[in-house]
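Take a look at the structure below.
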Amino acid sequence: MPELPESDAARRRIADHCLHRTIAGFDLGEVTHVQLPSEAERERLVGTQFSQTRRHGKYIFAGTSDGPWLHIHLGMSGSLRVYDEGETPPDYARLIVIFEGTRRLAFRDPRKFGRVKLIEDVDAFIAAKGLGPDAMKMGDNAFAQAIGSTKTAVKSALLDQSKMAGVGNLWSDEALYRCGIMPDTRGTDLDGKAVAHLHRAVQDIMGHVMAKNADYSQLPADWLIHHRKDGADCPRCGGTITKKKVGGRTAYHCPDHQTHAG
DNA sequence: TGATATGTTTTACT
DNA sequence: CAGTAAAACATATC
């Protein structure tokens with residue numbers, strides 16, 4: 001479930017359970033189209049340890065103390081799982097990092113849209129990707145500039161990783177739902193107050209999901225995430241949850257309390 | 001069986 | 001350049 005909060009929960013698993021352990025080797029899943037580190041790149045990591053982690057938007061990085069970084073993107077369906085030798089390895093494991101002792105880190109990816117690769121410099125990588133600022137660290141002015149000054153649908157702007165990094169389909173819907181903004185409202189049609197409200201909603205929602213370690217069952221019952229189905233009752237106003245395409249993505253929303261005025 | 005899916009990238013067109 | 005749209009990637013699930 002990989003947007004910014006889910007990616008951060010995955011990063012934290014590395015930070016909490018996999019640092020300062022010597023890498024002994026790797027296990028590869030079946031040969032697939034998933035982009036994984038080459039044998040030479042894996043060899044570079046053997047004998048080293050991860051000593052730090054970073055995240056920018058949906059991109060996760062695990063750094064060796066004085067060498068390359070392992071970069072992980074979870075794609076559409078990827079996840080990370082930490083376990084110990086002797087436990088059942090997870091399904092769809094494409095790459096398993098074997099640490100000395102029993103600790104293991106598995107990169108799972110059922111739909112194979114994720115990527116793992118070795119990079120030398122995180123900031124250079126972010127710049128080369130053209131990623132905007134991390135959505136959780138973005139200031140008011142930068143957010144207002146990115147969202148309020150574009151004619152694009154506000155939902156599409158939120159999803160544009162070059163405007164800001166980390167917001168995906170689920171949490172963009174959640175933020176617009178909370179703010180009462182119709183997903184296809186043009187950015188330029190929102191007033192300053194609505195843009196500021198949306199900024200708070202994006203950061204509050206994703207911050208909350210991170211605080212709950214991306215466990216959706218711990219999120220409030222009236223959040224859209226629990227009612228994301230065409231025809232469901234809107235828990236906030238009694239309307240009917242409806243879906244429509246906005247910018248090529250499915251936008252779940254409540255047409256009764258989400259309007260073009262915000 | 002067919003529709004749909006949490007993401008990114010590329011290509012084409014306006 | 002800004003924006004839109006669609007397709008492709010490979011597979012699972014409803």
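Letters A, B, ... are given to chains in the order of the sequence lines, protein chains preceding strands, and every chain is numbered from 1.
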I need the [atom1]-[atom2] distance between [X] and [N], as an integer number of Å.
{"X": "A:Arg94", "N": "C:dT11", "atom1": "CZ", "atom2": "C1'", "answer": "9 Å"}
{"X": "A:Asp8", "N": "B:dT6", "atom1": "CG", "atom2": "C1'", "answer": "16 Å"}
{"X": "A:Leu36", "N": "C:dA10", "atom1": "CG", "atom2": "P", "answer": "14 Å"}
{"X": "A:Lys245", "N": "C:dA7", "atom1": "NZ", "atom2": "P", "answer": "12 Å"}
{"X": "A:Asp230", "N": "B:dA5", "atom1": "CG", "atom2": "P", "answer": "10 Å"}
{"X": "A:Leu224", "N": "B:dT6", "atom1": "CG", "atom2": "P", "answer": "12 Å"}
{"X": "A:Asp189", "N": "C:dG3", "atom1": "CG", "atom2": "C1'", "answer": "15 Å"}
{"X": "A:Asp109", "N": "B:dA5", "atom1": "CG", "atom2": "C1'", "answer": "14 Å"}

| request: Give A:Lys229 one of three labels, base, sugar-phosphate or nothing, depending on what nucleic acid heavy atoms sit under 4.0 Å from its own. | output: nothing
Strictly below 4.0 Å: does [X] bring a side-chain N or O up to OP1 or OP2 of [N]?
{"X": "A:Ser156", "N": "C:dT4", "answer": "no"}
{"X": "A:His33", "N": "C:dA10", "answer": "yes"}
{"X": "A:Thr250", "N": "B:dA5", "answer": "yes"}
{"X": "A:Tyr92", "N": "C:dA12", "answer": "yes"}
{"X": "A:Thr152", "N": "C:dT4", "answer": "yes"}

Going 5' to 3' through nucleotides 7-14 of chain B and flagging B where a protein heavy-atom sits under 4.0 Å of the base, S where only the sugar-phosphate is that close, and - otherwise, we get BSS-----
A:Lys212 bridged to A:Glu6 by N-O distance under 4.0 Å: no
pair_partner(B:dG7), Watson-Crick or wobble, both distances < 3.5 Å, evaluates to C:dC9
Aromatic ring centroids of A:His257 and A:Tyr177 under 6.0 Å? yes
ask   = With a 6.0 Å cut-off on ring centres, are A:Trp171 and A:Tyr216 close enough?
value =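 Distance test on ring centres: under 6.0 Å, yes.
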Using the side chain to side chain contact (heavy atoms under 4.5 Å, CB included) rule, take A:Arg108 and A:Asp91 through it: C-alpha gap first, then chi angles, then the decisive distance, then the call. CA-CA 7 Å; A:Arg108 303 179 59 252; A:Asp91 288 346; 4.3 Å; yes
Distance, P atom - from B:dT4 to C:dA6, rounded to whole angstrom: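 To the nearest whole Å, 14 Å.
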Checklist entry - Mind checking the P distance from C:dA7 to B:dA3? Whole angstroms is fine. => result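 Going atom to atom, P in each nucleotide, I get 14 Å.
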- Item | Gap separating the CE atom of A:Met182 from the CD atom of A:Gln258, nearest 0.5 angstrom |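 Those atoms lie 7.0 Å apart.
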No-hydrogen, no-angle side-chain donor-acceptor test under 3.5 Å, A:Asp140 and A:His199: yes
Salt bridge (Lys or Arg N to Asp or Glu O under 4.0 Å) between A:Asp123 and A:Arg54, intermediate numbers included:
CA-CA 10 Å; A:Asp123 293 317; A:Arg54 285 184 61 181; 3.0 Å; yes
